[in-house]
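Here the structure is a predicted model, which is why all the values come from computation and not from measurement.
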Amino acid sequence: MSSPAGATWAKNLEYSARELVEPTGVEELAAVLSGADRVRMLGSRHSFNRVADTTGTMVGLGRMPVQVEVDEDRRVVRTSGGITFGELGARLQEQGWALHAMASLPHITVAGGVSTDTHGSGDGAPSLAEGVAAVEVVTTGGEHVRLERGDEEFDGAVVALGMLGALVTLELDIEPTYDVAQTVYDGLTWEQVATDLDAVTGLGTSVSVFTDWLDRDRTTQVWVKQRVDRPGGDPDALGLTVAGEPRHPHRGNRADSCTEQGGIPGPWLDRLPHFRLEFTPSNGAELQSEWLLPRAGAAAAIEVLQGLAAQMAPVLHGCEMRTVAAGRQWLGMTQGVDCVAFHFTWRPEQAAVTALLPRIEAGFAPLGARPHWAKLFAEDALAGRVHELYPQLARVRALRGRLDPRGALRNDFLDRLGI
């Protein structure tokens with residue numbers, strides 16, 4: 001089935017592809033990939049740059065057969081790449097199982113999410129890609145290739161930015177289902193965060209610190225998601241107070257689309273994301289950027305952002321700080337080190353946001369920050385540091401050359417970055 005490629009989820013970019021093709025089976029998919037001169041994979045369209053773009057054929061997996069098979073002995077689920085994390089979570093919950101983390105938005109596809117190293121949050125929670133135990137890829141030669149944890153090239157096969165082929169099937173680590181209670185707090189200052197980051201991020205299983213930088217010294221709210229089977233931190237020790245009503249992360253927005261708050265326990269898939277699957281995610285009309293940097297640089301990063309607060313606030317819906325545990329993927333953003341993530345949801349003012357990105361990059365670069373692959377960042381700045389930030393890049397290129405020897409999956413975005 002062929003149709004126009006359309007635009008990103010936020011409609012900030014129109015894709016350059018001649019067509020979007022959505023195969024209904026593996027044989028059809030292999031024929032499309034092997035027959036296209038230029039081809040890229042498209043997930044849920046939740047990217048804000050041209051990482052998924054091509055001048056040739058875009059391929060979506062949304063019409064492929066849905067597969068969710070739990071292997072209780074191995075504690076993995078075998079699932080389709082085109083399924084969303086929300087849909088997968090519901091199927092797992094029905095069978096009494098869970099994932100270790102969820103992204104803020106359950107609307108993204110499994111293949112797209114792990115390919116760009118999308119993450120949940122928590123001091124002990126690595127990115128979603130680190131929970132992948134095996135991948136099965138259909139290549140541009142029409143071959144079906146399986147790579148699994150422990151294989152020599154596996155650490156380059158999950159966060160691969162769509163450079164290897166179509167992630168048709170993945171095996172993800174699972175654990176018995178669990179409940180989470182989410183509580184929103186007020187009263188946290190950035191000085192407290194900078195002085196005792198461990199106390200703040202240790203408040204819960206997953207902790208999000210929000211601000212809109214209208215006040216450079218105080219946060220707007222703190223969301224604490226706590227597994228009910230594990231102890232949490234002490235909000236009283238930080239002088240925090242429970243919010244009196246449900247909150248949206250962005251000031252002035254209704255909280256209807258947000259997951260249940262007020263400390264009411266519920267299944268992991270209904271609390272770990274910020275937004276409900278049945279609603280339009282996040283703010284709707286927006287742009288996004290994000291950088292991850294070693295945890296030791298958190299205080300310095302906060303100081304950088306405080307210095308830019310007056311410039312950011314007019315074009316910012318909200319900013320969120322979270323933590324992500326260390327990972328192993330060659331193109332992962334948390335290579336061997338626990339990280340803090342600073343996520344920005346901008347107003348849809350592309351020129352103003354684009355002008356701000358180099359200023360944030362300049363402050364974050366000395367701290368070893370890596371931008372999120374699917375969001376807006378200063379591409380020239382990353383191109384100048386990509387070999388420093390990703391020391392396994394030569395191995396990435398070798399794996400890409402083996403699985404896509406004719407370079408059909410390359411695009412201008414990857415070429416600009418020197419990948």
Side-chain angles (χ1 to χ4, degrees), residues 1-23 28-64 81-82 107-109 111-113 115-118 137-141 159-168 284-290 331 346 348-355 357 371-383 386 396-397 400-401 403-419:
M1 178 179 179
S2 175
S3 62
T8 59
W9 168 79
K11 295 183 173 55
N12 67 308
L13 292 174
E14 289 282 337
Y15 291 123
S16 306
R18 294 192 301 266
E19 60 179 351
L20 169 65
V21 178
E22 297 179 283
E28 183 185 355
L29 171 64
V32 171
L33 291 176
S34 60
D37 58 343
R38 282 282 185 263
V39 63
R40 291 289 288 170
M41 305 305 302
L42 181 66
S44 59
R45 301 175 182 268
H46 198 264
S47 59
F48 298 82
N49 59 35
R50 295 197 179 274
V51 64
D53 203 11
T54 180
T55 55
T57 299
M58 272 189 161
V59 179
L61 300 178
R63 291 170 56 84
M64 295 282 286
H107 310 70
I108 62 174
T109 63
S115 293
T116 54
D117 207 24
T118 297
V137 181
V138 176
T139 72
T140 55
V159 183
L161 310 182
M163 294 189 296
L164 307 183
L167 277 180
V168 289
E286 63 189 52
L287 304 171
Q288 291 184 13
S289 300
E290 185 175 33
L331 288 181
W346 307 103
E349 300 177 26
Q350 187 107 19
V353 171
T354 300
L357 298 179
H372 192 294
W373 292 111
K375 302 184 189 295
L376 294 178
F377 56 89
E379 294 175 9
D380 290 346
L382 178 59
V386 70
V396 171
R397 289 171 175 160
R400 182 195 68 212
L403 297 189
D404 180 33
R406 59 192 178 89
L409 290 159
R410 297 200 59 76
N411 66 6
D412 289 345
F413 176 86
L414 299 171
D415 290 342
R416 286 197 303 274
L417 295 182
I419 297 174

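- Taking CG of Leu414 as the reference point, atom CZ of Arg40 lies at 5.0 Å (rounded to 0.5 Å).
- For Asp53, the salt bridge (charged side-chain N to carboxylate O under 4.0 Å, His left out) partners two or more places apart in sequence, or in a different chain, are Arg50.
- Side-chain contact between Leu33 and Val138 is present, with heavy atoms from C-beta onward closer than 4.5 Å.
- Counting all heavy atoms, side chain and backbone alike, Leu161 lies closest to Trp373 at CD2-CG, 3.4 Å.
- For Arg45, there are no salt bridge (charged side-chain N to carboxylate O under 4.0 Å, His left out) partners two or more places apart in sequence or in a different chain.
- You'll find the side chain of Leu357 reaches within 4.5 Å of the side chain of Ser289, heavy atoms only.
- Using a 4.5 Å heavy-atom threshold, the side chains of Asn12 and Glu286 count as separate.
- Here Pro405 pairs with nothing under the side-chain contact (heavy atoms from CB on, under 4.5 Å) rule; sequence neighbours left out.
- In this structure, CD on Gln288 lies 6.0 Å from CH2 on Trp9, to the nearest 0.5 angstrom.
- Annotation: the span from Ile108 atom CD1 to Thr116 atom OG1 amounts to 6.5 Å, rounded to 0.5 Å.
- Within the structure, every pair that satisfies the salt bridge (Lys or Arg N to Asp or Glu O under 4.0 Å) test and touches residues 409-418, not counting sequence neighbours, is listed here: Glu379-Arg416, Arg410-Asp415.
- For Ala352, the side-chain contact (heavy atoms from CB on, under 4.5 Å) partners two or more places apart in sequence, or in a different chain, are Val315, Glu349.
- For Val21 against Val32, the heavy-atom pair with the smallest separation is CG1-CG2, 3.9 Å.
- Side-chain contact check for His372 versus Thr118: some heavy-atom pair is nearer than 4.5 Å.
- Annotation: the span from Leu42 atom CG to Ser47 atom OG amounts to 7.5 Å, rounded to 0.5 Å.
- With a 4.5 Å cut-off on side-chain heavy atoms, His46 and Thr8 do not count as touching.
- From Ser16, atom OG reaches atom CE of Met58 across 8.0 Å, with rounding to the nearest 0.5 Å.
- Here the shortest heavy-atom pairing between Pro23 and Gly60 reads CD-O, 3.4 Å.
- Using modelled atom types and a 3.5 Å distance limit, the side chains of Asp404 and Thr140 yield a donor-acceptor pair.
- For Leu403, the side-chain contact (heavy atoms from CB on, under 4.5 Å) criterion is met by Thr139, Val145, Leu164, Leu399, not counting sequence neighbours.
- Ring geometry, Phe377 versus Phe413: the interplanar angle exceeds 60°, so the pair is classed perpendicular (tilted spans 30 to 60°).
- Going from atom CG of Asp37 over to atom OG1 of Thr57 covers 7.0 Å, rounded to the nearest 0.5 Å.
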